[in-house]
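Here the structure is laid out as structure tokens; the discussion comes afterwards.
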Amino acid sequence: MPESETFLTSRRDRNAVSLVCRSWYRAEAQTRRELFIGNCYAVSPRRAIDRFRCVRSLVLKGKPRFADFGLVPIGWGAHFSPWASAMAAGYSWLEKICLKRMSVTDDDLSLLALSFPFFKGLTLICCDGFSTAGLAVFAEKCRHLRLLDLIEDYFEEEEYEVVDWISKFPETTTSLETLGFDCLPSAVNFEALEALIARSPALRQLRVNHHVTVDQLRRLMVRAPQLTHLGTGSFRSPEEGEGMEHEAPLVSAFAASRSLVSLSGFREVASQFLPAIYPVCSNITFLNFSFAEITAEELKPVIRHCHNLQNFWVLDTVRDEGLQAVAATCKDLRELRVFPLDATEESEGFVSDVGLTAISEGCRKLQSILYFCQQMTNKAVLTMSKNCQELVVFRLCIMARHLPDHHTGEPMDEGFGAIVMNCKKLTRLAVSGLLTDKAFGYIGKYGKSIRTLSVAFAGNSDMGLRYVLEGCPKLQKLEIRDSPFGDPALLSGIHHYYNMRFLWMSSCKLSHRGCEDVAQRLPRLVVEVIRDRPEAEDEAVEKLYMYRSLVGRRNDAPPFVKIL
Amino acid sequence: MVVTPVRHPGDQRPPCTKAFAQRAFPCVHCCFHVSLYISLPSWEGFLPPPQARSAGIPSIWHTMEAAASYVKDGGDLRDTELRLGLPGTEAPEKPAAPSTRVSKRALQEDGDMESRAKSRPLEADSDEAPAAKTQIVGWPPIRSYRRNSFPPRKVEAEAEAEAAGLYVKVSMDGAPYLRKIDLKVYKGYKELRDAMDNMFKCFTQGEVSRKEGCSSGSESAITYEDKDGDLMLVGDVPWEMFISSCRRLRIMKGCEVRGLRTRQYS
């Protein structure tokens, strides 16, 4: 076995290596330490475990992304239990698990904790189905835990069901390096948390939830001056008038945290406390203000110090003016996300083409942008395409559907066309606004590196989808909603679907016949029709989700899912 | 039941004959804006208790009952609905906006609700009915986690105004002077109605005794002027929405209301 095999880390490289010959396949399988499964239904747990016997770390993704926006009914699937059981039986090496959009129960957590005595790290992103009771068992049984990170998970507990899980961590010095629970809706036992931090000398990342006040935060920071990543909780004082006395100590707490490179939280930020972070601003590379309702005036004095900022998430309350301030200072910015405070179509637009243009002119190294706005112009998008040649991810969400360029009244075709034409490194694109088939023509013609494409309320006819399916050879993930694409368009992608991870189409013009046609011609493709009303036998298909799979149809599909 | 048209102040055109209910929130025929929000009105807060009704106590509620039945019986309000979208496209029916859901099951339940809403009548949940316009499920694409993190917050200035009280003038036709009440003090339409009854009871008693001009002097309506200057019937919209848009109140007496009607039909 080539020695280099043990050093190959990229899964794409490893995939390639495994295809060379049988012995390389086996060697690769035995030395792969990290297993990435982009769709939990593409392969069976048994099969994955049989092939990769020495995996230390598993990444598993479940529901399609549109589940985040309520388009996938509850109970659809992506249960972690079969994986938990299979691994508990087969592996002893497993150390780290990262799950995204999976349903994880308390029993699963319990099983993990009991089956893997040396378990080191659990990351749960957008998962649901578990509670503080499961966390309590986990904390108690995993004596060597280094990482527990809960990111935007969903909790359904009632007040009386909440368990004091923080108190369950081992009472001796812990190995904790990362503890994140900013999405937890219930308050944790603060004294226990403070004590836990005090006996966790290896802690580098701490993200607390909005129940933690600014004074409590200060106390935690004093216990852990070595932190590199901090989620600041509410960043306000519960007693409004008495905030003054907390300010100075807070400033010194930040001043003492010399290693901080990442700040988030600020869930209910009281702007009087913002100056406290000035001492660390010039060091931070990641700043998440996307839950902080601050104005441009409040942002400017902060951002002025952030010369090294690379990732900035913010709410549109800072307006174009705030973005101009960002553009003026953050010359090293790689990623920008601008979220809307009021995510409706009729909300007042706080940011616009002006902000986008300013960013493109100031932040030439930009690689990734997610931008929510009420209106946009082709010119601004074109300017960005020319100025930001490093763009890998371009996601523009014009919240008002079907909205044309608000200066010229034309569709947004030219703007997005310019993006795919000029940004040669682009791999992820999300489009919005009024778009005709022409836009898709551009994507098909120039988007040769695109792997992920999100489409909503766009296009005129089947040609739109055809351009994309026929033109984008690297396309792996395609999600479409409310666009007039029908069966002929669906069939035009037959040559490509085995190369894709999934295709999602909802509220388009598909019929059962078209989907059955695809299912028949591609036996390794699982074609799921998700019906909103199980009893209706409509010819029209409301939601289609299809994906390649080695195991064929899954056996846990609920009644509203019909697998063709 | 009689359905009486309302003439807008200063309006020279013949009064619109559309039913009260349609008029009560901006009517497309005489106002130049339309409401995107259609709710089953919470009449309960405004209907008097049964015993009051049977006792023949001057009731402004009968007209409202009539309007309620008009809405329920099938006035098709869809032609007054403004939707976003290309002409000819049908927007799907909308349930409560995800952002206003208090329930912790914020996740896929939204999608489930929307889909169920298509097949059976929307269960109007007055606590969660959106004050905003119609919403498409999952659009804009923001995770429920983020949506639920921002409860509707008031801007500083509004918050100050709130703290100071929401005083509006109340006039009653025929009364010699006006009153002022703080809308924030009341929790709902019923309390408001009681307070207004109390406030103007001295004038009402006088009216009842001289009945020549207005027989069965029971016809009157509580109306209000909203922030657009339109005359609206009290009781159609959720309480919160009402107090945020009400600028002044007016109790219109039966004489004038009926007078309009006679003019129209003569």
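First the proteins, then the strands, lettered A, B, ... as listed; each starts at 1. Since the structure is predicted, the reported quantities are computational estimates derived from the model, not experimental observations.
- The closest side-chain heavy-atom distance from A:C397 to B:P141 is below 4.5 Å.
- Checked against ring-ring contact (aromatic ring centres under 6.0 Å, His included), A:F372 has no partners two or more places apart in sequence or in another chain.
- The OH atom of B:Y145 sits 5.0 Å away from the CG atom of A:D182 when rounded to the nearest 0.5 Å.
- Nearest heavy-atom pair, A:R401 versus B:W139, reported as atom, atom and distance to 0.1 Å: CG-NE1, 3.4 Å.
- Neither the backbone nor the side chain of A:F66 comes within contact range of chain B; no heavy atom of the residue lies under 4.5 Å from a heavy atom of that chain.
- The line from CD of A:E268 to CZ of B:F150 is 10.5 Å long, rounded to the nearest 0.5 Å.
- For A:F485, the ring-ring contact (aromatic ring centres under 6.0 Å, His included) partners are A:F440, not counting sequence neighbours.
- At least one donor-acceptor pair closer than 3.5 Å links the side chain of A:R481 to the backbone N or O of B:G138.
- Nearest heavy atoms, B:I142 versus A:A343: CG1-CB, 3.6 Å.
- B:R146 is listed as a side-chain neighbour of A:L315, based on a closest heavy-atom distance under 4.5 Å.
- A:S454 does not touch chain B: none of its heavy atoms, backbone or side chain, sits under 4.5 Å away.
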